[in-house]
Amino acid sequence: GAVVSQHPSWVICKSGTSVKIECRSLDFQATTMFWYRQFPKQSLMLMATSNEGSKATYEQGVEKDKFLINHASLTLSTLTVTSAHPEDSSFYICSARDTAGTAGETQYFGPGTRLLVL
Amino acid sequence: GENVEQHPSTLSVQEGDSAVIKCTYSDSASNYFPWYKQELGKRPQLIIDIRSNVGEKKDQRIAVTLNKTAKHFSLHITETQPEDSAVYFCAASIGVGDMRFGAGTRLTVKP
């Protein structure tokens, strides 16, 4: 149980284009999902908390107009990197909590999306 | 907000030896402390977690200890194997609140 998928796993795009990443909870409902960014050999940095049916909560320093988050259903959250630039190249990972389960605090991670902006 | 510090950043041990990774946290209200293992290019995988109502938890070769007074918790891996080589992250949260991660420890187990 508690499986989280992410799509795509790899994306290469030109500077100035937008990229959408999907995060799905496959076998549970997630009212809250989280988006992280991870640079090589670094830790997971929380970008934003995605709440089903309401606006996302962004961490300080994360531009909400650049990283658009939509959590339209209990099993799907999307992150859109708008007008991507080379400095946006990174490993983006989502996670979700099975708050209805017995271990509601535990976060389960998706496999990540590696974004390369040329 | 919560701040989690993790040491050491790199750790190299001989196969069969034990490995210990330590973390400290700043917010005394934190009550959930998971440990994740991340292999290169893959997702972090939960390996063990502990809640503030217990001081120690063990799962085969892996154990975690928690000292609430000192606000630190540690991961212990005994009888290490080459497949234990990975980056390990500690984290802390207040219930289902935001989770903050340590900087990670790159563990290398030499055969």
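Source: prediction; values computed, not measured. In what follows, chains carry the letters A, B, and so on, assigned in the order in which the sequence lines appear, proteins first and then strands, with residues in each chain numbered from 1.
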Measure distances from [X] to the heavy atoms of chain A and classify the residue's part below 4.5 Å as side chain, backbone, both or neither.
{"X": "B:Q6", "answer": "neither"}
{"X": "B:F89", "answer": "side chain"}
{"X": "B:P44", "answer": "both"}

| A:T49 side, atom OG1; B:D98 side, atom CG - distance, nearest 0.5 Å | 4.5 Å
| query | When rounded to the nearest 0.5 angstrom, what distance separates CD in A:Q107 from CG in B:D49? | reply | 12.0 Å
| query | Under a 4.5 Å heavy-atom cut-off, does chain B meet the side chain of A:Q6, its backbone, both or neither? | reply | neither
| Looking at A:M45, A:Q38, A:Q42, which makes the most heavy-atom pairs under 4.5 Å with chain B? | A:Q38
| Heavy-atom pairs under 4.5 Å with chain B, option from A:G112, A:G110, A:P40, A:S9 with the top count | A:G110
| request: Please say whether more than 12 non-hydrogen atoms of neighbouring residues, nucleotides or ligands are located less than 6.0 Å from CG in A:L118. | output: yes
| request: For the pair A:L44 and B:Y36, evaluate side chain to side chain contact (heavy atoms under 4.5 Å, CB included) and give the outcome as yes or no after the intermediate values. | output: CA-CA 11 Å; A:L44 297 149; B:Y36 288 87; over 6 Å; no
| note | Here the pair of heavy atoms bringing A:F91 nearest to B:G41 is CZ-O, 4.0 Å
| field | A:R97 vs B:M99 side-chain heavy atoms within contact, under 4.5 Å | value | yes
| query | Would A:T106 and B:Y32 count as a side chain to side chain contact (heavy atoms under 4.5 Å, CB included) if you check the C-alpha gap in whole Å, the side-chain angles of each, and the deciding distance to 0.1 Å? | reply | CA-CA 9 Å; A:T106 303; B:Y32 177 65; 2.7 Å; yes
| B:R43 side chain to A:V4 backbone, donor-acceptor under 3.5 Å | yes
| message | So which residue, B:K42, B:Q45, B:R106, B:R100, ends up with the most heavy-atom pairs under 4.5 Å with chain A? | response | B:R100
